[in-house]
S.K.: 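Pasting a structure below so you can have a look.
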Amino acid sequence: MVVVAILAAGKGTRMKSTLPKVLHSLGGRSLIERVLNSVEPMQPSRRMIIVGYQSEEVKVAMQSIPNLEFVEQTKQLGTGHAIQQLLPHLEGYNGDLLVLNGDVPLLRQQTLENLLKTHREHKNAATILTANLPEPKGYGRVFCNGDNIVQQIVEDKDCTAAQKQNRCINAGIYCFRWQDLAKVLPHLEANNAQKEYYLTDAVTQVAPVMAVDVEDYQEILGINDRLQLAGAYEILQRRIKESWMAAGVTIIDPNSVTIDETVELQPDVIIEPQTHLRGHTVIKTGCRIGPGSLIENSEIGENTTIRFSVITDSSVESSVIIGPYAHLRGHAQVSAGCRIGNFVELKNTTLGSNTKVAHLSYLGDTTTGTKVNIGAGTITANYDGFKKHPTIIGDRTGTGSNSVLVAPITLGNDVYIAAGSTVAQDIPDDCLVVARERPVMKPGWVTKKRESQSK
Ligand code: UD1
Ligand code: CA
């Protein structure tokens, strides 16, 4: 049995933000959500979040996550003081307590499982996660004997010059036998540079305490300022892109590409430079995405090509060619074999298969049949200033250049709209529609005009 406690009461002064530190977003998820995710497989019996600074905001942000317990630390007197707040809640509890810092978001589940395993196998009173950092500045230094038994933890601000040379740091992740910790917690003192009650002091007051070294130090990097937040994003992105490349995705110039963890890619997808894939996006095999595209919460079928375009909340079937400079949004649905060209916007629009919207069009709230050809500059006038109205276009229908379709309107199958027409009524099947002025022609008018002016 394990109870998890997450330290999240601190202000995060160095973020210089009105938002509590643990609510800052890293790749679409808050720091604290990420920490919670890392303990999920352990199925903790209780998950306790220690909140203090702007606790209401933290609670509201996390209200959709079930079975969390919030414990208030009204004054933030240090990490040891934070864990003291658990005493009344865990009275009589006989198992282990896993303590995590709310600002250490890149931990792998496996690392925590190893920590707990070592803790139990060695029957330790406490087991702490350590790392060897190339730049240990700011972290507490851990001093061990040869058998990984922890003897001392000294905060950076309390270190002597010689102690600062030690690169073995405290990751801020601990496993405690609760009964042992509960005995020493009430006796902590704040005799240190920060005048705080340190949890690290409690660690060295129980025995035995063992250190488990993390394999990849990047996992335990803490976020204290915006620079570290950006650094963590870079690490996260590298992890994601490396794993997709290992799974058969080509990423040309990975440094210019970002991919959310929630994205799914199939083998033989090619991601061109300057492309960003976000949210619940799925891209199927054979697609070539980019350069210069943003796809968010959208599904893209096999062998589709998308260049310099933006697609959000939409779905595209197989063998579609999109772009350059197209914008699909608001549940656009594009069937197989369509072609969407430059400066085309589709909003809440469904295109039947093999339809072409090749240039300069806006289709909003429109449904087309198959093999429709939307001429350059065709616009649906779907908004009357109060409401949006639908446009329905039948199979094999074509609109001439610069047509305006005033919705609500239905064009039947095999309709031809002449270029430059404004159509505001339903059109039956198999019809040619010419809705424009006939030209007024005055032969000889120009010559006469010139003659009259030269007199
Ligand atoms: C802490 C450790 C340090 C370790 C580092 C790892 C102590 C004394 N030091 O230092 O050894 O190397 O983490 O990242 O524990 N918090 C509260 N209440 C408080 C104070 C802090 O809940 O009164 C929370 C913060 O919100 C944060 C976490 O505890 O999530 C760590 O606090 P922080 O001030 O960042 O500690 P560090 O100085 O980084
Ligand atoms: Ca910290």
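Counting starts at 1 for both ligands and their atoms, following the listed order.
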S.K.: Purely on distance, is any nitrogen or oxygen of Gln73 under 3.5 Å from one on ligand 1?
M.R.: yes
S.K.: Please check if a non-hydrogen protein atom sits closer than 4.0 Å to atom 12 (O) of ligand 1.
M.R.: yes
S.K.: May I ask you to say whether Asp96 pairs ionically with Arg120, meaning some side-chain N is under 4.0 Å from a carboxylate O?
M.R.: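 Salt bridge between Asp96 and Arg120, a charged N being under 4.0 Å from a carboxylate O: yes.
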S.K.: Nearest protein heavy atom to atom 15 (O) of ligand 1: under 4.0 Å?
M.R.: yes
S.K.: Need the atom name: nearest N/O/S atom of Asp103 to the Ca ion (ligand 2).
M.R.: OD2
S.K.: Taking the basic N atoms (NZ, or NE/NH1/NH2) and the acidic carboxylate oxygens, is any pair closer than 4.0 Å for Glu69 and Arg47?
M.R.: no
S.K.: Less than 3.5 Å apart, any donor N or O on the side chain of Thr262 or His280 sitting next to an acceptor on the other?
M.R.: no
S.K.: Ion pair present between Lys21 and Asp103, side-chain N to carboxylate O less than 4.0 angstrom?
M.R.: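 Counted as a salt bridge, because a side-chain N and a carboxylate O are separated by less than 4.0 Å.
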S.K.: Looking at Glu72 and Lys59, does any basic side-chain N land under 4.0 Å from a carboxylate oxygen?
M.R.: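 Judged by the 4.0 Å cut-off on N to carboxylate O distance, Glu72 and Lys59 do form a salt bridge.
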S.K.: Check Asp225 with Lys16, please: is the shortest side-chain N to carboxylate O separation under 4.0 Å?
M.R.: no
S.K.: Check contact between Ala171 and ligand 1, using heavy atoms of the residue and a distance below 4.0 angstrom.
M.R.: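 The answer is yes, since Ala171 has a heavy atom less than 4.0 Å from ligand 1.
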S.K.: For atom 19 (C) of ligand 1, which candidate among Ala202, Gly78, Gly12 provides the closest heavy atom?
M.R.: Gly78
S.K.: Considering all protein heavy atoms, does one lie under 4.0 Å from atom 38 (O) of ligand 1?
M.R.: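 It does not; no protein heavy atom is within 4.0 Å.
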S.K.: Of all the heavy atoms in Glu155, does at least one lie under 4.0 Å from an atom in ligand 1?
M.R.: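 Flag set, Glu155 near ligand 1.
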S.K.: Checking a contact table here: which protein heavy atom is nearest atom 24 (C) of ligand 1, and how many Å away?
M.R.: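 In this structure, atom 24 (C) of ligand 1 has Leu7 CB, 3.6 Å as its nearest protein heavy atom.
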S.K.: To the nearest 0.1 Å, how far is atom 26 (O) of ligand 1 from its closest protein heavy atom, and which atom is that?
M.R.: Gly10 N, 2.8 Å
S.K.: Check this for me, if you would: do Arg34 and Glu261 make a salt bridge, where the nitrogen-to-carboxylate-oxygen distance has to be below 4.0 angstrom?
M.R.: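 So Arg34 pairs with Glu261 through a salt bridge.
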S.K.: Which residue and atom name correspond to the protein heavy atom nearest atom 35 (O) of ligand 1, and how close is it?
M.R.: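 For atom 35 (O) of ligand 1, the nearest protein heavy atom comes out as Asp103 OD2, 3.3 Å.
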S.K.: When you compare ligand 1 with Val22, is there at least one nitrogen or oxygen pair between them that comes in under 3.5 angstrom?
M.R.: no
S.K.: What about Gly140: any of its N or O atoms under 3.5 Å from an N or O on ligand 1?
M.R.: yes
S.K.: Would one find an N or O of Asn170, backbone or side chain, under 3.5 Å from an N or O of ligand 1?
M.R.: yes
S.K.: Would you say atom 33 (P) of ligand 1 makes contact with the protein, given that contact here means a non-hydrogen protein atom less than 4.0 Å away?
M.R.: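 There is no protein heavy atom less than 4.0 Å from atom 33 (P) of ligand 1.
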S.K.: For ligand 1, which is the ligand I care about here, please tell me if Asn101 has any N or O atom under 3.5 Å from one of the ligand's N or O atoms.
M.R.: yes
S.K.: Look at atom 21 (C) of ligand 1 and find which of Thr79, Leu133, Leu221, Val58 reaches it with the closest heavy atom.
M.R.: Thr79
S.K.: Quick one: does ligand 1 sit under 4.0 Å from the side chain of Asn224, the backbone, both or neither, non-hydrogen atoms only?
M.R.: side chain
S.K.: Going by atom types alone, do Ser30 and Glu33 pair a side-chain donor with an acceptor below 3.5 Å?
M.R.: yes
S.K.: Return yes or no for this condition: an N or O of Ala9 is under 3.5 Å from an N or O of ligand 1.
M.R.: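 The answer is yes, given that Ala9 and ligand 1 share an N or O pair closer than 3.5 Å.
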S.K.: Taking only heavy atoms of Leu77 into account, list the atoms of ligand 1 that are under 4.0 Å away from them.
M.R.: 23 (O)
S.K.: For the Ca ion (ligand 2), decide whether Asn101 has an N, O or S atom at a distance under 3.0 Å.
M.R.: no
S.K.: Where is the tightest heavy-atom contact between Asp260 and Gly27, given as atom of each residue plus distance?
M.R.: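 Nearest pair, atom of Asp260 first, then Gly27: OD1-O, 4.4 Å.
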S.K.: Please identify which of these residues, Ile409, Thr391, Ile374, meets the side chain to side chain contact (heavy atoms under 4.5 Å, CB included) condition with Thr366.
M.R.: Thr391
S.K.: Should Leu199 be counted as touching ligand 1, given the test is an N or O pair under 3.5 Å?
M.R.: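 Among all N and O atoms of Leu199, none is under 3.5 Å from an N or O of ligand 1.
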S.K.: With rounding to the nearest 0.5 angstrom, report the OH to CG distance, Tyr139 to Asp156.
M.R.: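 Taking OH in Tyr139 and CG in Asp156, the distance rounds to 10.5 Å.
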S.K.: Would you give the length of the straight line joining atom CG of Asn382 to atom NZ of Lys387, rounded to the nearest 0.5 angstrom?
M.R.: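 One gets 13.0 Å once the value is rounded to the nearest 0.5 Å.
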S.K.: In plain terms, say whether Glu345 and Arg329 are close enough for a salt bridge, that is, a side-chain N and a carboxylate O under 4.0 Å apart.
M.R.: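 Here Glu345 pairs with Arg329 in a salt bridge, since their nearest N and O are under 4.0 Å apart.
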